[in-house]
Amino acid sequence: MKKFKRTTVTAALPYANGPLHIGHIAGAYLPADTYVRFLRQRGEDVVFICGSDEHGVAITLGAKKEGVSPRQFVDKYHHLMKQAFEDFGIGFDIYSRTSNPTHHETAKEFFTNIYNKGIFLEETSDQYYDEQEQIFLADRYIIGTCPNCKHTNAYGDQCEKCGTSLSPKQLINPRSTVSGKTPVLRPTKHWYFPLDKYEAWLKEWIVEGHKQDWKINVYGQCKSWIDQGLQPRSITRDLDWGVSVPLPDAAGKVLYVWFDAPIGYISATKELKPAGWEKYWKDPETRLIHFIGKDNIVFHCIIFPAILKAAGDYILPDNVPANEFLNLEGDKISTSRNHAVWLHEYLADFPGRRDELRYVLTSISPETKDADFTWKDYQQKVNSELVSIFGNFVNRVMVLTWKYFDGKVPAEHELPATDERRKKILDHYHKAHADLNVSVKEMIRALQDFRFREAQFQLMNMARIGNKFLADTEPWKVAKEDMEAVGCILNYALTIVGNLAIACDPFLPDASRNIKRQLNSSSFDASWKQFWIKEELINAIPQHHQLGQAELLYKNIENEEIEKQIEKLRRTKMENEKSAPLVKALKPEITIDDFSKLDIRIGKVLSAERMEKSNKLLKLKVDTGIDQRTVLSGIAQHYTPEEMVGKQVTLIANLAPRKMMGIESQGMILMAEDLDGKLRLVFPSEIVTPGSTVS
RNA sequence: GGCGCGGUAGCUCAGGUGGUUAGAGCGUUGGAUUCAUAACCCAAAGGUCGGGGGUUCAACUCCCCCCCGCGCUACCA
């Protein structure tokens with residue numbers, strides 16, 4: 001592998017529209033922090049960059065909802081997140097924010113730089129405009145009736161009821177959420193980044209260049225994107241919140257949040273090191289690593305690198321170890337449904353138990369597939385691994401040393417194998433030592449490869465070996481006859497404890513500090529970084545050294561504590577169900593004249609088949625009494641073609657024809673939608689003649 | 001529908017250029033032990049490696065088809 005002089009580590013900029021939950025932590029911040037701690041232990045030059053992502057329409061929308069300005073809105077969440085990170089002990093070198101002036105300048109420089117190279121495309125297209133407010137409406141500022149499920153408050157980019165992604169022009173009866181008025185289409189100019197022109201380069205860089213070293217999920221996703229063909233992407237928006245486009249004819253336009261956000265990494269580095277930031281972003285001997293969740297892969301692996309490439313003389317990410325998602329008690333974590341374990345709430349409910357959360361989240365880290373956090377599992381892992389194996393080992397060594405040597409590290413010397421027992425002790429010592437060194441090497445290798453689950457497992461294995469060493473050598477028995485041998489055993493046991501204190505720093509920083517305190521190691525622990533360099537057990541503690549008081553590292557998580565948490569989630573779920581409207585709201589009143597415009601008839605399905613390349617559409621041939629016509633209906637997930645044939649259906653016969661997937665649909669079949677989204681046919685209670693009208 | 005990733009013991013996961021009885025930790029059960037937070041140590045039970053075909057002397061590992069989970073994508077008058 002290429003040798004680098006320094007490392008720039010970024011963790012995804014969290015979006016400032018809500019608090020942090022354990023999914024965020026497990027996905028990006030904890031692995032990043034673990035990795036950075038590892039590099040720092042080795043004495044490497046590393047910067048660890050993060051900050052709040054504060055632009056975009058969702059922010060303005062959220063602010064509006066809370067009745068505050070975007071500024072106040074992002075201030076609130078920025079400080080909440082910053083505090084939670086700090087309280088949890090994520091050790092960023094800087095936690096910045098994209099609303100900073102430095103960031104605005106940097107982002108504008110990026111734009112101008114690329115603009116001056118003539119790389120951007122300019123294009124004018126029709127978008128919805130609110131005439132009363134005199135603003136262009138971003139997708140999420142437009143609501144209307146969802147063409148799919150008829151939900152009356154679907155957003156312009158997505159219907160939250162049925163999950164369909166939309167474009168504003170698909171909405172029926174669009175209206176502006178700002179003024180409530182019906183918006184009009186008006187031309188507007190935007191700038192596009194020609195991703196397609198970077199396709200060949202991306203292919204070479206990723207598909208050929210990173211086949212071996214990028215995680216398979218990341219690589220596969222990138223390859224899929226590139227193979228599908230890349231399109232130019234719009235990088236500006238009509239909005240008054242964000243980084244304004246630095247061009248004379250661009251009033252009211254800002255950079256698209258996805259263009260400016262990753263640049264935030266660079267701005268934050270500038271802020272951290274005004275003089276020396278460039279070497280962290282432009283020196284080919286710097287290694288750039290992005291820690292993100294899988295939702296960010298395309299931006300960090302495709303778009304941002306292309307932008308860096310276009311800007312010129314920037315380095316590209318050497319690796320992007322994206323994680324999959326974390327679920328909670330079998331369900332997706334959801335901010336809107338409040339189905340989450342919020343970081344700040346965890347810290348308040350479990351004071352002094354940061355390591356515990358780190359440990360469990362790393363042990364279930366969604367490195368290769370989505371993982372599930374359950375409180376029961378949390379309790380079990382803490383109690384049976386952290387407490388029983390790790391904490392207990394440290395404690396028993398401390399207690400034994402105090403018991404037999406008044407807390408003074410026994411002399412380390414060659415133990416002459418003068419009898420059977422000593423011989424056995426020496427055998428166990430050699431075995432333990434060899435096993436420990438294997439674990440140390442495996443742990444470090446795993447850390448280098450971003451396999452944090454495995455790395456932490458090897459750490460625990462060190463404690464397991466320690467426990468076994470004590471059980472095998474039984475110093476409490478030997479003490480009755482051979483104190484010199486006991487001294488040797490405990491000297492080595494303390495060596496293991498010292499090495500554990502070193503090794504656990506990336507994973508369990510609080511325990512590391514705590515053990516150092518117990519070992520009273522401040523006078524010599526500066527030499528401990530040799531552990532990370534030699535990649536083997538070091539002689540951590542000098543003989544005759546006076547230890548501090550023994551203290552339990554962790555205590556058991558009691559049933560009541562986790563039951564409280566489970567109950568909390570259960571209550572939220574119940575409240576959600578209670579408060580969720582069971583039936584949809586009534587639509588505005590209409591007149592009999594409105595109704596009489598509809599020509600609703602009963603038809604009979606003559607034939608039915610699946611549409612090619614669609615998993616929702618069925619192509620039906622319907623006898624309407626008047627004619628036989630083709631009707632496409634999005635019911636393929638609810639009815640098979642076979643069961644549709646011969647069925648009587650209710651259809652709107654005078655609806656304007658509409659082409660879908662190349663075929664014209666002449667009418668619409670009426671369906672009842674159950675609360676769970678299931679569609680059921682509506683038809684007369686007894687067979688009627690095709691063509692019968694409905695009124 | 002297309003594409004990507006995944007589906008291995010109760011749980012969390014390893015593994016594999018195809019080759020003797022498929023591994024680990026936790027959990028469970030039994031034993032041993034007492035320095036330790038009833039912890040540690042030893043041992044055992046537990047898997048038709050998502051399903052079905054195929055290639056092969058031999059497949060969990062390669063090929064084909066299918067099913068399930070997650071994501072991206074097309075589509076749902």
Side-chain angles (χ1 to χ4, degrees), chain A residues 146-150 159 162 164-165 170 172 215-225 227-228 293-295 297-298 322 324-325 327 332 360 363-372 374 376-377 380-381 383-389 391-404 451 453-454 456-457 460-461 463-464 466-479 486 489-490 493 550 552-556 610-618 631-638 651-652 655-662 664-671 679:
Chain A
C146 172
N148 176 33
C149 70
K150 306 296 179 282
C159 172
C162 64
T164 307
S165 60
Q170 290 175 275
I172 305 161
K215 284 172 63 169
I216 186 140
N217 57 334
V218 176
Y219 179 84
Q221 193 58 233
C222 290
K223 188 169 184 300
S224 173
W225 273 89
D227 288 350
Q228 276 172 37
K294 67 174 162 185
D295 50 332
I297 289 175
V298 64
E324 303 283 306
F325 288 151
N327 293 325
K332 275 184 197 183
V360 173
S363 73
I364 60 170
S365 184
E367 286 167 10
T368 50
K369 59 181 166 193
D370 290 356
D372 191 27
T374 68
K376 199 79 201 129
D377 184 57
Q380 194 170 80
K381 286 213 158 78
N383 292 358
S384 66
E385 296 177 31
L386 266 190
V387 174
S388 302
I389 296 169
N392 183 41
F393 171 66
V394 174
N395 183 243
R396 55 200 301 214
V397 175
M398 288 298 294
V399 169
L400 284 165
T401 309
W402 273 100
K403 178 164 178 172
Y404 296 122
R451 290 179 291 119
R453 264 193 328 232
E454 167 69 13
Q456 185 174 255
F457 175 80
M460 287 309 288
N461 215 26
R464 272 183 214 107
N467 275 320
K468 183 168 164 51
F469 176 69
L470 289 182
D472 287 342
T473 55
E474 300 177 303
W476 49 91
K477 274 190 185 167
V478 180
V486 175
I489 294 167
L490 288 185
L552 294 179
L553 285 178
Y554 302 109
K555 57 182 199 296
N556 277 311
R610 298 195 80 94
M611 280 285 285
E612 289 264 315
K613 295 183 177 180
S614 165
N615 58 354
K616 290 190 181 166
L617 285 176
L618 287 188
V631 177
L632 303 186
S633 184
I635 54 173
Q637 288 167 339
H638 307 272
L651 87 156
I652 306 207
L655 193 68
R658 159 105 175 206
K659 227 177 178 180
M660 281 180 286
M661 307 198 71
E664 189 165 272
S665 176
Q666 300 159 309
M668 180 172 123
I669 308 274
L670 297 188
M671 306 293 296
L679 299 181

TODO: Could you pull out all residues at least two apart from Lys555(A) that satisfy side chain to side chain contact (heavy atoms under 4.5 Å, CB included)?
DONE: Arg353(A)
Open item on the list: In whole Å, measure the gap between the C1' atoms of rG53(B) and rA44(B) for me.
Closed with: 38 Å
- [ ] Would you please name every residue forming a side-chain hydrogen bond (donor to acceptor under 3.5 Å, both in side chains) with Asp295(A), sequence neighbours left out?
- [x] none
Task: Whole-Å distance separating the CG atom of Asp370(A) from the P atom of rU12(B) - done: 12 Å
- [ ] Assign each of Glu385(A) and Asn327(A) to its nearest nucleotide of RNA chain B by heavy atoms, then name whichever residue's nucleotide is nearer the 5' end.
- [x] Glu385(A)
Task: Inter-nucleotide P distance (rC70(B), rC65(B)), Å rounded - done: 23 Å
Task: side chain to side chain contact (heavy atoms under 4.5 Å, CB included) involving Gln221(A) - partner list, sequence neighbours excluded - done: Trp225(A), Ile297(A)
- [ ] For residues Glu367(A) and Lys215(A), determine if any side-chain heavy atom of one lies less than 4.5 Å from a side-chain heavy atom of the other.
- [x] yes
TODO: Look at all strands and tell whether Lys215(A) reaches a base, only sugar-phosphate, or nothing, counting heavy atoms closer than 4.0 Å.
DONE: nothing
TODO: Determine the Euclidean distance between corresponding P atoms of rA43(B) and rG19(B); express it in Å to zero decimal places.
DONE: 27 Å
Open item on the list: Can you measure Asn383(A) atom CG to rG27(B) atom C1' for me and round it to whole angstrom units?
Closed with: 13 Å
Task: Residues which pass salt bridge (Lys or Arg N to Asp or Glu O under 4.0 Å) with Glu474(A), listed by chain and number, not counting sequence neighbours - done: Lys477(A)
TODO: Find which nucleotide of RNA chain B each of Asp472(A) and Ala371(A) is nearest to by heavy atoms, and output the residue with the more 5' nucleotide.
DONE: Ala371(A)
Task: Whole-Å gap separating P (rA14(B)) and CZ (Arg451(A)) - done: 10 Å
Task: Leu632(A) CG to rC76(B) C1', straight-line distance once rounded to whole Å - done: 9 Å
TODO: Let me know the distance between CG of Asn461(A) and C1' of rG23(B), rounded to the nearest Å.
DONE: 14 Å
Open item on the list: So, taking the atom named CG in Leu490(A) and the one named OG1 in Thr473(A), what distance separates them when rounded to the nearest 0.5 Å?
Closed with: 8.0 Å
Open item on the list: I'd like the C1' distance from rU28(B) over to rC35(B), given in whole Å.
Closed with: 27 Å
Task: Gap in Å between the two P atoms, one belonging to rA24(B) and one to rA32(B), rounded - done: 24 Å
Open item on the list: Applying side-chain hydrogen bond (donor to acceptor under 3.5 Å, both in side chains), can you list everything that pairs with Asn217(A), at least two apart in sequence or on another chain?
Closed with: Glu324(A)
- [ ] Please identify each residue that fulfils salt bridge (Lys or Arg N to Asp or Glu O under 4.0 Å) with Asp372(A), with sequence neighbours left out.
- [x] none
- [ ] Take atom CH2 of Trp225(A) and atom P of rG2(B), then tell me their distance rounded to the nearest Å.
- [x] 19 Å
- [ ] For rG15(B) versus rU33(B), give the span between their C1' atoms, rounded off to a whole number of Å.
- [x] 35 Å
Task: Between rG30(B) and rA36(B) - C1' atom distance, rounded Å - done: 23 Å
Can you check nucleotides 4-9 of chain B for protein contacts, nitrogen or oxygen pairs under 3.5 Å, and list what you find?
{"unit_1": "rG4(B)", "atom_1": "O2'", "unit_2": "Gln221(A)", "atom_2": "N", "d": "3.3"}

Task: Qualifying residues under side-chain hydrogen bond (donor to acceptor under 3.5 Å, both in side chains), relative to Arg453(A), sequence neighbours excluded - done: none
Task: Partner set under ring pair (Phe, Tyr, Trp, His ring centres under 6.0 Å) for Phe469(A), not counting sequence neighbours - done: Tyr492(A)
Open item on the list: Among residues at least two apart in sequence or on other chains, which ones pass side chain to side chain contact (heavy atoms under 4.5 Å, CB included) with Leu670(A)?
Closed with: Ile600(A), Thr650(A), Ile652(A), Met668(A)
Open item on the list: I need the minimum non-hydrogen distance between Ala493(A) and Leu470(A), along with the two atoms involved.
Closed with: CB-CD2, 4.2 Å
TODO: In whole angstrom, give me the gap between the P atoms of rC75(B) and rC66(B).
DONE: 24 Å
TODO: Encode nucleotides 34-40 of chain B as B, S and - characters from 5' to 3', where the letter depends on protein heavy atoms closer than 4.0 Å: B to the base, S only to sugar-phosphate, - to neither.
DONE: SBBB-SS
Task: Phosphate-side-chain proximity, Arg453(A) and rA14(B), N/O vs OP1/OP2 below 4.0 Å - done: yes
TODO: Report the distance from atom CD of Gln666(A) to atom C1' of rA77(B), rounded to the nearest whole Å.
DONE: 12 Å
Open item on the list: Does Lys223(A), at its NZ atom, have more than 12 non-hydrogen atoms belonging to other residues, nucleotides or ligands within less than 6.0 Å?
Closed with: no
TODO: Measure the distance from CD1 on Ile652(A) to P on rA77(B) and round it to the nearest whole Å.
DONE: 11 Å
TODO: Under 3.5 Å for both distances, Watson-Crick or G-U wobble, that's the pair rule; now give the dot-bracket for RNA chain B, with | marking pairs to another strand and [ ] for crossing ones.
DONE: (((((((..((((.....[...)))).((((.........)))).....(((((..]....))))))))))))....
